[in-house]
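Read the structure below first, then the notes.
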Amino acid sequence: MALVTPLSSDHDSEVAELAKFFNETLGFCPNSVLTMQIRPEIARAFINLNKAVMANEGRVTAEQKRLIGYITSANTGCRYCEAHTILAAERYGGSDERLKHIWQFRTSDLYSDAEKAAFEFALAASSVPNAVNDEISANLKEHWNDGEVVEILGVISLFGYLNRWNDSMGTTMEDGAVAAGKEHLTHNGWQVGKHQ
């Protein structure tokens, strides 16, 4: 059960307008945002940050950003964010094969060397303590320019916030996210857990 009950999606008109962004990415406004709007400035700031981080300014695609978010969330154990990111990756063109084999990224031909570098960086950057070292950084910089590195780390950092928020809040998972988790993640041991 969630620590705090989310407000309705029409509670704050400005938040509702900003939250239309999630209708494209997920098909619904997440309960995490509906809870944040208890303090509307937090919800507004978060949505604007999310939109800025997920904007495609370089070669990092929308699908790749969601896979980076997935790896970050799985590494920290946030089942809520795992389901949301895999759903969004699918909505942005992630094939069943890419979604199913994400944990084989190091050896799979489904992922480019640039993606492998980004995913390795995501694992290291989302670890506690932080495990980014010179080798991981150099490999990342071999494939991505400074702006793209900022985008990649922006995704990792955004999900660091969301992982803490949703796991601590016990945010109730929406039906669409549950369905995506069951379809794409149960073979890796995923379950709804506390997010019922």
Side-chain angles (χ1 to χ4, degrees), residues 2 6-9 15-37 43 46-56 60-105 108 110-111 115 118-119 122-123 126 151-152 154-196:
L7 299 175
S8 68
S9 59
V15 171
E17 184 62 31
L18 286 170
K20 288 180 180 176
F21 166 76
F22 297 107
N23 291 332
E24 176 190 326
T25 62
L26 296 170
F28 54 85
C29 183
N31 283 330
S32 55
V33 172
L34 298 178
T35 304
M36 287 177 204
Q37 76 173 337
F46 170 75
I47 295 168
N48 282 318
L49 177 62
N50 195 313
K51 290 169 74 172
V53 167
M54 292 304 188
N56 296 357
V60 188
T61 68
E63 183 237 12
Q64 289 167 335
K65 286 184 177 184
R66 275 55 183 202
L67 291 176
I68 290 165
Y70 168 73
I71 288 170
T72 298
S73 299
N75 196 40
T76 63
C78 181
R79 304 300 192 201
Y80 182 90
C81 292
E82 286 180 67
H84 282 79
T85 51
I86 212 71
L87 171 60
E90 178 183 42
R91 289 176 67 93
Y92 283 105
S95 69
D96 287 343
E97 287 300 300
R98 281 174 59 85
L99 301 179
K100 181 178 180 181
H101 297 288
I102 187 66
W103 289 113
Q104 289 78 44
F105 74 84
S108 175
L110 293 169
Y111 312 98
E115 288 175 315
F119 297 163
L123 280 173
S126 62
E151 287 184 54
I152 290 166
V155 172
I156 296 162
S157 300
L158 177 72
F159 279 94
Y161 172 83
L162 282 169
N163 298 159
R164 300 298 181 266
W165 180 276
N166 289 304
D167 257 0
S168 299
M169 188 66 70
T171 308
T172 303
M173 198 176 302
E174 308 81 5
D175 292 342
V178 172
K182 287 180 177 177
E183 181 178 350
H184 297 294
L185 303 176
T186 52
H187 68 281
N188 287 327
W190 180 89
Q191 52 188 293
V192 174
K194 68 170 108 177
H195 301 287
Q196 299 189 38

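Residue indices begin at 1 and follow the sequence shown.
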In Å and rounded to the nearest 0.5 Å, what is the [atom1] to [atom2] distance from [X] to [Y]?
{"X": "Glu115", "Y": "Thr61", "atom1": "CD", "atom2": "OG1", "result": "7.0 Å"}
{"X": "Lys51", "Y": "Thr25", "atom1": "NZ", "atom2": "OG1", "result": "11.0 Å"}
{"X": "Ile102", "Y": "Asn188", "atom1": "CD1", "atom2": "CG", "result": "10.0 Å"}
{"X": "Tyr80", "Y": "Met169", "atom1": "OH", "atom2": "CE", "result": "10.5 Å"}
{"X": "His184", "Y": "Leu99", "atom1": "NE2", "atom2": "CG", "result": "5.0 Å"}
{"X": "Asn163", "Y": "Thr76", "atom1": "CG", "atom2": "OG1", "result": "3.0 Å"}

Identify the two heavy atoms, one from [X] and one from [Y], that lie closest to each other, and give their separation to 0.1 Å.
{"X": "Ala83", "Y": "Ala177", "value": "CB-O, 3.3 Å"}
{"X": "Leu67", "Y": "Ala89", "value": "CD2-CB, 3.9 Å"}
{"X": "His101", "Y": "Tyr111", "value": "C-OH, 3.1 Å"}
{"X": "Ala74", "Y": "Trp103", "value": "CB-CZ2, 3.4 Å"}
{"X": "His84", "Y": "Phe28", "value": "NE2-CE1, 3.8 Å"}
{"X": "His195", "Y": "Asn166", "value": "CE1-O, 3.1 Å"}

Query raised in the report: How about Thr35 and Trp165: do any of their side-chain heavy atoms sit closer than 4.5 Å?
Result: yes
Report task. Would you mind reporting whether Leu123 and Phe105 have side-chain heavy atoms less than 4.5 Å apart? Result -> yes
**Report entry** Lys100, NZ: over 12 other non-hydrogen atoms inside 6.0 angstrom
**Finding:** no
**Report entry** CG/Asp175: more than 12 non-hydrogen atoms of other groups inside 6.0 Å
**Finding:** no
Report task. Any chance you could lay out the side chain to side chain contact (heavy atoms under 4.5 Å, CB included) test for Asn31 and Glu174, step after step, and finish with the verdict? Result -> CA-CA 7 Å; Asn31 283 330; Glu174 308 81 5; 3.3 Å; yes
**Report entry** Derivation and outcome, side chain to side chain contact (heavy atoms under 4.5 Å, CB included), residues Leu34 and Cys29
**Finding:** CA-CA 7 Å; Leu34 298 178; Cys29 183; 3.7 Å; yes
Requested in this report: Give a yes or no on whether the backbone of Val53 and the side-chain of Lys65 come within a donor-acceptor separation of less than 3.5 Å.
Outcome: yes
**Report entry** Lys/Arg N to Asp/Glu carboxylate O, Glu82 vs Arg79, below 4.0 Å
**Finding:** yes
Query - side chain to side chain contact (heavy atoms under 4.5 Å, CB included) between Phe159 and Ile68, worked out - result: CA-CA 9 Å; Phe159 279 94; Ile68 290 165; over 6 Å; no
Report task. Output, in order, the C-alpha distance, side-chain angles, deciding distance and verdict of side chain to side chain contact (heavy atoms under 4.5 Å, CB included) for Arg91 and Arg66. Result -> CA-CA 10 Å; Arg91 289 176 67 93; Arg66 275 55 183 202; over 6 Å; no
